[in-house]
Amino acid sequence: MNKKKFKNLIIIFLAILIFSIPNISLADEYTEIISIGADLNQDQREQIIEKLDAKSAKIIEVTNEEEKLYLGDFISEEKIGNQALSCAKIEILPENKGLEIKVDDNITFITEKMYRNALITAGIIDAKVNVGALQKVTGTGALTGILKAYEEATGEVLDPDLKKIANEELVITQDIATTVGKEKASEIINIIKVKFSENMPKTENEARDIIVNISNEYNIELTDKQIDKLTNLFMKMKDVDIDWEEVSKKANDYAKKAKEFLESEKGQSFLQSIKNGFVAFIDFIASLFKK
């Protein structure tokens, strides 16, 4: 790997590791939809609307059957459960404004970075998303509601294959996170996407080699089963209508914002706060930015 590509990957890695994208100002006009779990009662609906600041939003429902449609091939019915409880508000942003994602404390496992990766896979690139629940839930089922709300807001019908792949990606990321941690799980998904966009593999073996090499390079220990799942997932991505140029562009956009943050007074303060635990790594990153 040449020095420039290595530096770009390091920046992307750091962007996902330590940086949540700052809020972007909304345009004066936008479309706002809230997807509410169909199994919430009226009092609960009012509570979640208040919680997600969605009093002016159009309300749609997402059912447990819809969640099972997109998740049922990847996780057990027991894990999906028999109620739709997660909710999400989505606001459509002007072109090139990017994704803003907020996840409340009742979403116990899926992080904003996991949602962001999955939404980009599904083709959603300019939106503000707020995910929440009234009780502790993993948040896996919320993606179905986000996708449905996006379609309602834009009138655009997302590719069903992409929606299913986005849900599969979320499930696999969640599985990997149980062994390597949430941050590393999100990191490896994003970095694999960047590598695929740069050099699309022609065969399953080539795809597997990319995934194994990335996991080794970034010291992310994956099981054989996880490597198999990732290989299968990315081969599916390869064969559907994913805009790989856009995927790579968004990854680098977020990396650029991360670099700007790191060079700011707030970013420098943040780096200092974690430096004691990552002295060698942070010094190395800092040296890249100076060149």
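If you're wondering where the values come from, they're calculated on a predicted model, not measured in any experiment. For this chain, numbers begin at 1 and follow the sequence in order.
The existence of a salt bridge linking D105 and K136 is excluded, since no basic side-chain nitrogen approaches an acidic carboxylate oxygen closer than 4.0 Å. Between E91 and K89, at least one side-chain N (NZ, or NE/NH1/NH2) sits under 4.0 Å from a carboxylate O, which counts as a salt bridge.
The two residues G98 and D126 have their closest heavy-atom pair at N-OD1, 2.8 Å. Closest approach of I214 to K195, counting heavy atoms only: CD1-CG, 3.3 Å. Nearest heavy atoms, L143 versus A118: CD2-CB, 4.0 Å. Closest of all the heavy-atom pairs between R45 and G37 is NH2-O, 4.4 Å. Among all heavy-atom pairs drawn from A166 and A122, the shortest one is CB-CB, 3.9 Å. Of all non-hydrogen atoms in V103 and I101, the two that sit nearest each other are CG2-CG2, 4.1 Å.
Partners of Y115 under the ring-ring contact (aromatic ring centres under 6.0 Å, His included) rule, at least two apart in sequence or in another chain, do not exist in this structure. Take I59 and apply the side chain to side chain contact (heavy atoms under 4.5 Å, CB included) test, not counting sequence neighbours, and it matches I34, I36, I49. For Q226, the side chain to side chain contact (heavy atoms under 4.5 Å, CB included) partners are D175, I176, T179, L222, T223, not counting sequence neighbours. Annotation: side chain to side chain contact (heavy atoms under 4.5 Å, CB included) contacts of Q135 (sequence neighbours excluded): L85, V137. The side chain to side chain donor-acceptor pair (under 3.5 Å) check on T173 picks up nothing, with sequence neighbours excluded. Residues satisfying the side chain to side chain contact (heavy atoms under 4.5 Å, CB included) criterion with D104, sequence neighbours excluded, are K51, N106, I107. Qualifying side chain to side chain donor-acceptor pair (under 3.5 Å) partners for K55, counting only residues two or more places apart in sequence or in other chains: E50.
Applying the under-4.5 Å side-chain rule to Ile, Leu, Val, Met, Phe, Trp and Tyr, the cluster around F109 consists of that residue alone. Connectivity analysis of hydrophobic side chains (ILVMFWY, heavy atoms under 4.5 Å, direct or indirect) links V62 to nothing; its cluster partners are none. When hydrophobic residues (I, L, V, M, F, W, Y) are linked wherever their side-chain heavy atoms come within less than 4.5 Å, the members clustered with L71 are F74, I75, I80, V171.
Under a 3.5 Å cut-off, the side chain of N213 and the backbone N or O of D209 do form a donor-acceptor pair. Side chain of E46 to backbone of D43: no donor-acceptor contact under 3.5 angstrom is found. E221 places no side-chain N or O within donor-acceptor distance of the main-chain N or O of V180, the cut-off being under 3.5 Å. Side chain of N190 to backbone of N117: no donor-acceptor contact under 3.5 angstrom is found.
Here the CG-NZ distance, from L52 to K102, works out to 8.5 Å after rounding to the nearest 0.5 Å. The distance from the CD1 atom of I90 to the CG atom of L147 is 8.0 Å, given to the nearest 0.5 Å.
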Throw together a table of side-chain donor-acceptor distances under 3.5 angstrom for residues 230-238, partners on residues two or more places apart or in other chains.
unit_1: T231; atom_1: OG1; unit_2: I227; atom_2: O; d: 2.8
unit_1: K236; atom_1: NZ; unit_2: E168; atom_2: OE1; d: 2.9
unit_1: K236; atom_1: NZ; unit_2: E168; atom_2: OE2; d: 3.4

Next item on the list: Show your reasoning for whether salt bridge (charged side-chain N to carboxylate O under 4.0 Å, His left out) applies to E183 and K113.
Entry: CA-CA 8 Å; E183 295 293 347; K113 300 175 185 70; 3.7 Å; yes
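K184 is not listed as a side-chain neighbour of I188, based on a closest heavy-atom distance of 4.5 Å or more. No side-chain heavy atom of I210 sits less than 4.5 Å from a side-chain heavy atom of E206.
The stretch residues 62-71 participates, sequence neighbours left out, in these salt bridge (Lys or Arg N to Asp or Glu O under 4.0 Å) pairs: E66-K148, K68-E77.
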